[in-house]
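Contents: one structure, followed by commentary.
Side-chain atoms are counted along with the backbone in the values below, which use heavy atoms only and exclude waters and symmetry mates. Chain letters run A, B, ... following the sequence lines, proteins first and then strands; every chain starts at 1.
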2 protein chains.
Amino acid sequence: MPRRNADTREEIREVALDLFAQKGFEQTSLREIAERLDITKAALYYHFPSKDELLVQLVAPLATDLAAFTAVLEERRPDGERAILEDYFDLCERHRRVFQGLLRDTSALARTGSLLQVLHNRDRIDRLLVGSDDPAERARAVVALGGLQDCAVLMADAAPAAYRRAAVDAALRALLPA
Amino acid sequence: MPRRNADTREEIREVALDLFAQKGFEQTSLREIAERLDITKAALYYHFPSKDELLVQLVAPLATDLAAFTAVLEERRPDGERAILEDYFDLCERHRRVFQGLLRDTSALARTGSLLQVLHNRDRIDRLLVGSDDPAERARAVVALGGLQDCAVLMADAAPAAYRRAAVDAALRALLPA
DNA sequence: GTCTATAGGATGATAGAC
DNA sequence: GTCTATCATCCTATAGAC
């Protein structure tokens, strides 16, 4: 029998993103997604050819958005760094769930408790650095530390010594109120 | 028969971290780890009670280091923010492989090509923002954007509007040369 | 400390009826 | 579009010999 809601495909995307964000891609089975929608696994395969393709479609909006952002930045020198940063911030917010759930799959660490331990420490460091629990104050620390942390991942091609000074300087500027 | 090398346990850790970092935790089977070491799965279970426990032991050094860092920060107001940031940077570098391989499990995205797409864009944005390929210059952008991106993940408890201004301001300071 | 053998289960995916 | 039934494969983990 046909189901209550017309747009099953969109419902699947919604549930899948929710579960992936919550438990990670690998640890979410198609059975779980199907159960939550009260359909069968086989029905999923009518709408999506594979689990991987489902993932691809979930990340696609972010990928598209990011590509557009890059394109704009490339074709003309835009209206100032502030505007760029604001736009990038908005982009991250817009795809917050994707960032949270798909760009870092922390499920395994969460299961073992390691993740909580790390995040707890990080959170305390953030608050201590700025001496406040206020989100606006904390953000300075998150930017500074998050930025440094990102270097470890994204600058894998360069020797740490080559950018260490610059990175620390930048983080310091971010941390200190203007 | 006993194996060539005495410290099998350490060899296992080494190989496991390598494979986890490369393919992600969930997608690395104990069979693969065993094969690479020329032992059997059963032998792994002599050294580690479970796959999860193996993971825990791999993250443990980072967790410990981070806890110590927090403790120092807590007990006394340290020698200035610069030193703190430098220490945090060093900590990240020290555990670079863990950050790369375990704190973000990007394996699924990598398999589908989505990851490459996202990282490629991010890399170009970084270079464009500072107008240079020099690592030292790029670091400013990585810090600024990485910091903003981290906000989307770590400040999940706060309303974006509450820290948006502060975060963008901090990122801007990080981006602009002093 | 390492092996063989296997239990016991979940998973992604497909075939074919309705 | 959704179902039932099933396949083939892989997995973590354990028992027990050597």
Once you round it to whole Å, what is the distance between P of D/dT12 and CG of B/D52?
-> 10 Å
Short side-chain N/O contact from A/T8 to OP1 or OP2 of D/dG1, under 4.0 Å | no
Using distance alone, with no hydrogens and no angle criterion, decide if B/E137 and A/Y163 have a side-chain donor and acceptor under 3.5 Å apart.
-> no
Taking B/R94 for the side chain and B/L62 for the main chain, is one N or O donor matched with an acceptor at less than 3.5 Å?
-> no
Between OH of A/Y46 and P of D/dT4 the distance, given in whole Å, is 18 Å
Check for a donor-acceptor pair, side chain of B/K51 on one end and backbone N or O of B/T28 on the other, with a separation under 3.5 Å.
-> yes
Roughly, in whole Å, what's the span from CG in A/L44 to P in C/dT14?
-> 13 Å
Return the value, rounded to whole Å, for the distance between atom CG of A/L55 and atom P of C/dG12.
-> 13 Å
Polar pairs (N or O, both sides) under 3.5 Å between protein and nucleotides 3-7 of chain C?
from  : atom 1 : to    : atom 2 : distance (Å)
C/dC3 : OP2    : B/T40 : N      : 2.7
C/dC3 : OP2    : B/T40 : OG1    : 2.9

To the side chain of A/L30, which of D/dG1, C/dG12, D/dA13 is closest?
-> C/dG12
Write down the distance between CG (B/L37) and P (C/dG1), rounded to a whole number of angstrom.
-> 15 Å
For DNA chain C, which residues in residues 21-29 of chain A have a heavy atom at a distance below 4.0 Å?
-> A/T28, A/S29
Phosphate-side-chain proximity, B/Y45 and D/dA13, N/O vs OP1/OP2 below 4.0 Å = yes
Ignoring hydrogens and geometry, is there a side-chain-to-backbone donor-acceptor pair from A/E32 to A/S29 under 3.5 Å?
-> yes
In whole angstrom, give the distance that lies between atom CD1 of A/I33 and atom C1' of C/dA10.
-> 15 Å
Output yes when a side-chain donor or acceptor of B/R138 lies under 3.5 Å from a complementary backbone atom of B/G131, and no otherwise.
-> no
Smallest heavy-atom separation, B/A174 atom then B/V143 atom, equals CB-CG1, 3.9 Å
Work out which heavy atom in B/L148 is nearest to a heavy atom in A/L85; give both atom names and the distance.
-> CD1-O, 3.6 Å
Ignoring backbone atoms, test whether B/R31 places a side-chain nitrogen or oxygen under 4.0 Å from the OP1 or OP2 oxygen of D/dT12.
-> no
Show the numbers, then the answer: is there a side chain to side chain contact (heavy atoms under 4.5 Å, CB included) between A/D126 and A/V130?
-> CA-CA 7 Å; A/D126 285 339; A/V130 296; over 6 Å; no
Backbone of B/L172 reached by a side-chain donor or acceptor of A/R82 within 3.5 Å = no
